[in-house]
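The structure under discussion appears below in the form of structure tokens.
Keep in mind that this is a model prediction, so the values were computed, not measured. What's counted below: heavy atoms across the whole structure, side chains too, no hydrogens, waters or symmetry copies.
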Amino acid sequence: MEIDEIDVKILRELIKDARKRLKDIAKDCGISSTAVFNRIKRLKTAGVITGAVQYVNMERLGYLFPASIGISLNSNQEPQVIRIIKERANLIAFAPSIGKSDLTIFLVAKSMNELDYLKQQLKKEAGIERITIDLWTTPCLNFENLNLQPIRA
Amino acid sequence: MDEIDLQIIKELTRNPQISFLKIAKKIGVSPITVQRKHTKMKEERTLLQSSITIDLSQLGYNGKAYIMITNAPNQERTTTMEALRQMQDVFICTEILGNFDLLAIAAVKNLRSIICLVNSIRKIPSVDRVEIALTADTAFPVSRDFNTLLSNINECP
């Protein structure tokens, strides 16, 4: 799909603030609100825009420990591991990776015990040998650094 | 934070673009109350930004890099953080308590951009070592519906 400079500007505005009003975006882009609406619709249909998130300070809700977990595993272990981590309600994301670890999990825990319990569970039930848990002490979201560029078809 | 604040948070996390009017109707308070509480929670930084999620694959990106950074001895992590916060395509960074000192997450286009990125980070004077893990997942910023996580939260500390 072709994505031009105006599409990029719209994406940048919505990444900064998903609640920004259409008419304010329209003013910044120099086009009509209808045009902005249609472009957003097109970006959604094409699967470029996949949703929206309201970021919340998790600490205020008792989730004090954002963490990433790196797991080294073999293909036999993967289904077990996926099952164990999917059972968890406070999972943010997980993705297979190559390099330092084979599976990287992001979650936010209420307590250290919870993280420790997860680690023990993975070791005992899935036979994982190498798990590293790293606590995020100062998370910073810098979405504006994403250097989106127009794409010619 | 009271029960109404929590309800507002739940509605916003379920649908970040929902209008205050709709929230007010759903939870049975006036729109003015919703607006007031929303403003207060934003000022207090209980509510942070709201943001769209996108698939980067149509924007020329092919994955993400998780960059694990070890600082040089006697160097401040804040120095490295400052550099990371300004780095192109690095959209999350944090100091870490664990096996290394900082983590940066960046969107990457190809091998060249990965090498470029790692070299830029290595060039930061306070940085000693860099390790990476790469994923082909192009969901920005994360690969799972974060809203589901937040909607499941039903208690205050």
Side-chain angles (χ1 to χ4, degrees), chain A residues 1 3 8 11 14-19 43 46-58 60-63 66-68 70 89-102 104 106-108 110 132-149 151, chain B residues 1 9 12-13 15-17 44-56 58-60 64 66 68 77 81 84-100 103 107 131-137 139-147 149-150 152-153 155-157:
Chain A
M1 168 178 162
I3 295 178
V8 167
L11 288 172
L14 291 174
I15 286 171
K16 203 160 44 170
D17 178 8
R19 293 180 66 88
L43 289 164
V48 177
I49 296 177
T50 55
V53 175
Q54 170 64 64
Y55 294 98
V56 176
N57 186 338
M58 301 291 278
R60 305 270 161 88
L61 299 170
Y63 289 81
S68 44
N90 54 355
L91 189 63
I92 292 178
F94 67 92
S97 49
I98 60 166
K100 180 87 179 152
S101 48
D102 300 316
T104 310
F106 302 103
L107 53 71
V108 59
K110 287 193 152 179
T132 55
I133 299 183
D134 298 292
L135 297 178
W136 292 23
T137 52
T138 62
C140 285
L141 306 182
N142 303 119
F143 295 164
E144 67 282 356
N145 287 351
L146 201 60
N147 185 25
L148 300 179
Q149 294 294 322
I151 301 282
Chain B
M1 188 162 51
I9 292 176
L12 281 170
T13 51
N15 175 9
Q17 289 157 320
E44 293 170 343
R45 311 275 303 149
T46 297
L47 280 176
L48 306 173
Q49 70 195 87
S50 75
S51 187
I52 52 169
T53 55
I54 63 180
D55 178 2
L56 291 170
Q58 298 199 52
L59 288 152
K64 297 187 285 224
Y66 309 127
M68 290 147 276
R77 288 186 300 187
M81 274 296 273
L84 292 173
R85 294 190 67 175
Q86 321 218 5
M87 206 166 268
Q88 184 172 292
D89 286 336
V90 174
F91 58 90
I92 292 177
C93 57
T94 177
E95 295 175 26
I96 289 283
L97 176 62
N99 295 308
F100 42 93
L103 171 73
E131 291 188 74
I132 66 171
L134 301 171
T135 180
D137 166 44
F140 171 86
V142 290
S143 58
R144 175 183 150 131
D145 183 4
F146 189 58
N147 289 349
L149 158 68
L150 294 174
N152 283 333
I153 292 167
E155 50 202 86
C156 273

#### Entry: Point-to-point distance, once rounded to the nearest 0.5 Å, from CD1 of A:I151 to CD of B:Q58
9.0 Å
### Task
Please state whether the side chain, the backbone, both or neither of A:L148 comes within less than 4.5 Å of a heavy atom of chain B.
both
### Query
Between the main-chain N or O of A:K100 and the side-chain N or O of B:E131, is there a donor-acceptor pair closer than 3.5 Å?
no
### Task
Could you tell me the separation between the OG atom of A:S101 and the CE atom of B:M68, rounded to the nearest 0.5 Å?
6.0 Å
### Message
Looking at every heavy atom in both B:R85 and A:N145, which two are closest together, and how far apart are they?
### Response
O-ND2, 2.8 Å
#### Entry: Option that, when pairs with chain B are counted at under 4.5 Å, heavy atom only, ranks first among A:G99, A:A46, A:G51
A:G51
#### Entry: Partner set under side-chain hydrogen bond (donor to acceptor under 3.5 Å, both in side chains) for A:N57, not counting sequence neighbours
none
## Note on the structure
Value for OH (B:Y66) from OG (A:S97), rounded to nearest 0.5 Å, stands at 6.5 Å
#### Entry: Region of A:T104 that comes under 4.5 Å of a non-hydrogen atom in chain B
side chain
### Task
Against chain B, label A:L107 side chain, backbone, both or neither, depending on which of its atoms sit under 4.5 Å from a heavy atom there.
neither
### Summary
So, the part of B:L56 with a heavy atom under 4.5 Å from chain A: the answer is side chain
## Note on the structure
Of the listed B:T135, B:L103, B:I92, B:T46, the one with the largest count of heavy-atom pairs under 4.5 Å with chain A is B:T46
### Query
In terms of heavy-atom proximity below 4.5 Å to chain B, should A:L146 be classed as side chain, backbone, both, or neither?
both
### Task
Sort B:I96 into side chain, backbone, both or neither according to what part of it lies under 4.5 angstrom from a heavy atom of chain A.
both
### Message
So, using salt bridge (charged side-chain N to carboxylate O under 4.0 Å, His left out) as the criterion, who are the partners of B:D137 when residues are at least two apart?
### Response
B:K64
### Check: B:P141 and A:Y55 side chains under 4.5 Å, non-hydrogen atoms
yes
### Query
Going by heavy atoms in the side chains, are B:L47 and A:V56 under 4.5 Å from each other?
yes
### Query
With distance as the sole test, does B:S51 use its side chain to make a donor-acceptor pair with the main-chain N or O of A:K16 at under 3.5 Å?
no
### With B:T94, the side-chain contact (heavy atoms from CB on, under 4.5 Å) member among A:T138, A:L135, A:D134
A:T138
### Query
Which region of B:M87, side chain (C-beta onward) or backbone (N, CA, C, O), has a non-hydrogen atom less than 4.5 Å from a non-hydrogen atom of chain A, or is it both or neither?
backbone
### Query
Are B:L59 and A:L11 side-chain neighbours, meaning at least one heavy-atom pair lies under 4.5 Å?
yes
## Note on the structure
Note: vs chain A, highest number of non-hydrogen pairs under 4.5 angstrom among B:I9, B:T53, B:V90, B:I54 is B:T53
### Query
Is A:R60 reaching over with its side chain to a backbone N or O of B:M1, donor-acceptor style, under 3.5 angstrom?
no
### Task
Check whether any side-chain heavy atom of B:S50 sits under 4.5 Å from a side-chain heavy atom of A:D17, and report yes or no.
yes
### Task
Flag the one option from A:I15, A:I133, A:I49, A:D102 with the top tally of heavy-atom pairs under 4.5 Å to chain B.
A:I15
## Note on the structure
Bottom line for B:Q86: the part with an atom under 4.5 Å from chain A's heavy atoms is backbone
### Message
Please check this pair: side chain of B:T13 against backbone of A:Q54, looking for a donor-acceptor N/O pair closer than 3.5 Å.
### Response
no
### Query
Going through the distances and angles, do B:D55 and A:V48 end up as a side-chain contact (heavy atoms from CB on, under 4.5 Å)?
CA-CA 5 Å; B:D55 178 2; A:V48 177; 5.9 Å; no
#### Entry: Any donor-acceptor N/O pair, A:N147 side chain to B:D89 backbone, under 3.5 Å
no
### Query
Between the side chain of B:E95 and the main-chain N/O of A:P139, is any donor-acceptor distance below 3.5 Å?
no
